[in-house]
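A quick write-up on the structure given underneath.
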Amino acid sequence: MLDINFIRSNKELVEKAMLNKGEKDTSIVEEVLLKDEDWRSLVHQADEMRSESNSKAKEIGMLMGQGKKEEAQKIIAETSSMKQQIKEMEEKVKALQEAREELLLRIPNVPHESVPVGATENDNEVFSTWGEPNKDEWRKPHWEITERYGWVDFERGVKVTGAGFPFYVGPVAQLQRALINYFINEAWNAGYTELQAPYFVNENSARGTGQIPDKEDMMYVIPRDEFFAIPTAEVPVTNFHRDEIVADQDLPIKYVCYTPCWRREAGSYGKDVRGLNRLHQFDKVELVKIVKPETSYDELESLREHAEKLLKALELPYRTLLMCTGDMGFTQSKKYDLEVWSPGQQRWLEVSSCSNFESFQARRMQLRYRKEEKNTEMVHTLNGSALALPRIVSAILEAYQEENAKVRVPEVLKPFIGRDYL
RNA sequence: GGAGAGGUGGCUGAGUGGCUGAAAGCGCUCCCCUGCUAAGGGAGUUUAUAUGGAAACAUGUAACGAGGGUUCGAAUCCCUCCCUCUCCGCCA
């Protein structure tokens with residue numbers, strides 16, 4: 001959510017940002033400003049009415065105290081009609097405020113000036129590449145490897161739950177667990193505090209990070225208890241400090257959190273979703289930062305570098321994309337995607353996305369920090385995957401396979417697995 | 001799940017219809033005194049929002065778990081929900 005005062009003084013900028021993000025209609029900006037005008041003048045009127053009514057009520061109190069019942073009755077008669085008026089006024093104010101809020105929630109975040117303007121994924125900028133994509137023709141896609149050894153059981157996953165909920169069996173289960181441990185340890189060593197978070201959140205949390213109203217359909221819902229299954233650890237972790245004013249000296253706050261993630265991925269099909277490429281449940285280690293506004297873009301770079309370091313340590317060639325305005329999503333102001341090379345499929349797979357939300361999420365969540373004695377200011381929030389598991393597993397299976405079909409264990413994971421081959 | 005108690009400011013804790021945005025204490029900040037490692041005096045110390053102001057700030061309004069209701073007036077009375085604690089039940 002943007003600051004209404006910011007919109008008021010930067011109308012053109014916000015409209016241009018909306019167009020750049022691929023919205024066709026920017027009339028909502030005009031609308032929200034009109035609603036805001038109405039709201040402000042009505043609030044003023046309502047406040048004055050209440051003020052008058054309050055002072056009358058005080059008078060009545062005093063008269064009653066002095067035993068002057070009849071005089072009090074006279075004033076009571078005067079105020080009773082105000083009561084109704086105030087009530088009507090309050091209802092109007094509330095309606096306007098809700099309308100304003102609702103419009104405000106539909107205006108996307110403004111991209112940072114360093115973000116390339118573009119419409120689709122083809123306009124994303126290749127920010128950097130690392131390693132040489134392997135073009136060996138004999139390399140098999142990961143699903144053939146896992147099938148040969150029975151390392152991932154999709155069929156039984158379907159039987160037990162449904163498509164997109166596989167079982168990992170033996171060495172691949174062990175590999176995933178090793179990766180999770182390795183990722184968490186690396187974050188821990190970089191100064192991130194480890195959190196274990198709830199896997200279900202309530203509606204306020206889902207709204208806080210922007211999953212609703214924007215992306216409701218991506219989440220699994222537990223209707224009886226009004227919970228949402230988390231689509232990413234970002235949701236519980238960023239909401240950890242919702243409605244708080246954190247101390248200036250506590251910033252930056254840095255968390256690492258491993259969770260499974262659930263996504264409905266409605267409408268996905270075809271070879272893009274083959275094997276482990278896209279699942280309804282997957283594991284991810286997520287980093288979240290809560291920082292002062294002036295440092296957030298530096299913090300974004302260090303977040304990206306941290307995620308990249310993991311890929312380098314695993315010796316998996318990757319590229320980093322700077323997402324263009326049209327491909328970056330509603331809530332972000334700047335976003336990098338990390339894509340690992342999948343040599344068995346000869347394609348790039350997204351394994352991380354690192355974003356700065358500036359104060360967009362913080363404002364929704366009322367997450368502020370104490371700036372100086374008196375003033376509070378919205379923090380900036382960031383998050384990044386470091387990293388998403390199943391695609392890393394695929395990339396490892398494909399990149400570390402040998403022609404005899406055995407799969408080596410990456411050097412950095414050997415302490416966790418204890419042998420040279422899976 | 002059943003029975004009971006309760007949810008007030010950074011913390012402890014008063015307040016059962018008007019003079020309470022909230023006593024008192026603790027903590028914290030600033031100033032003064034004193035002079036030596038401890039004590040005395042004074043002032044300040046929630047948040048949001050509207051208006052004015054460059055700002056400091058001033059004024060109004062709102063908020064005592066959340067939402068509704070009664071009343072001229074609610075932290076205080078009534079209803080619903082959420083949460084915490086104690087006891088019982090169940091359980092990894």
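Letters go in sequence order (proteins before strands), and every chain restarts at 1. FYI, side chains are in, hydrogens and waters are out, and symmetry mates aren't considered; it's all heavy atoms of this structure. Just so it is clear, the model here is predicted, and its values are computed rather than measured.
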Of Leu103(A), Asp36(A), Ile107(A), the residue whose pairing with Glu31(A) passes side chain to side chain contact (heavy atoms under 4.5 Å, CB included):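 Going through Leu103(A), Asp36(A), Ile107(A) one by one, the side chain to side chain contact (heavy atoms under 4.5 Å, CB included) with Glu31(A) is satisfied by Leu103(A) alone.
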
Please name all residues satisfying ring pair (Phe, Tyr, Trp, His ring centres under 6.0 Å) with [X], sequence neighbours left out, ordered by chain then number.
X: Tyr336(A); value: Phe127(A)
X: Tyr318(A); value: Trp130(A)
X: Tyr255(A); value: Phe240(A), His241(A)
X: Trp262(A); value: Tyr199(A)

Using nucleotides 69-72 of chain B, report all nitrogen or oxygen pairs with the protein that are shorter than 3.5 Å.
unit_1  : atom_1 : unit_2   : atom_2 : d
rC72(B) : O4'    : Thr79(A) : OG1    : 3.4

For [X], which residues count as a side-chain contact (heavy atoms from CB on, under 4.5 Å) partner, sequence neighbours excluded?
X: Tyr168(A); result: Val152(A), Pro166(A), Val172(A), Ala173(A), Gln176(A), Leu276(A), Leu279(A), Pro390(A)
X: Asp47(A); result: Val43(A), Arg50(A)
X: Asn181(A); result: Arg177(A), Phe416(A)

Looking at Glu88(A) and Lys92(A), is there a salt bridge between them, counting it only when a charged N and a carboxylate O are closer than 4.0 Å?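 Salt bridge: no.
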
In plain terms, say whether Glu37(A) and Arg40(A) are close enough for a salt bridge, that is, a side-chain N and a carboxylate O under 4.0 Å apart.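 Yes, this pair counts.
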
For rU76(B) and rG65(B), measure between their C1' atoms and round to the nearest Å.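 That atom pair is separated by 16 Å.
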
Could you give the CG-to-P distance, from Asn375(A) to rU45(B), as a whole number of Å?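 Between P of rU45(B) and CG of Asn375(A): 15 Å.
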
Show me, range against range, the stems involving RNA chain B, built from at least 3 consecutive Watson-Crick or G-U pairs below 3.5 Å.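 Stems (3+ consecutive pairs) listed as B:1-7 with B:82-88, B:10-12 with B:24-26, B:27-32 with B:40-45, B:46-52 with B:57-63, B:65-69 with B:77-81.
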
If the condition is side chain to side chain donor-acceptor pair (under 3.5 Å), which residues does His280(A) pass it with, not counting sequence neighbours?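 His280(A): side chain to side chain donor-acceptor pair (under 3.5 Å) contacts with Tyr220(A).
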
RNA chain B contacts made by residues 236-248 of chain A, counting heavy atoms under 4.0 Å: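 Going residue by residue through residues 236-248 of chain A, the ones with a heavy atom under 4.0 Å of RNA chain B turn out to be Ile245(A).
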
Pull out every residue in residues 30-46 of chain A that has a heavy atom closer than 4.0 Å to any atom of RNA chain B, ordered by number, or say none.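 Heavy-atom cutoff 4.0 Å gives Trp39(A), Arg40(A), His44(A).
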
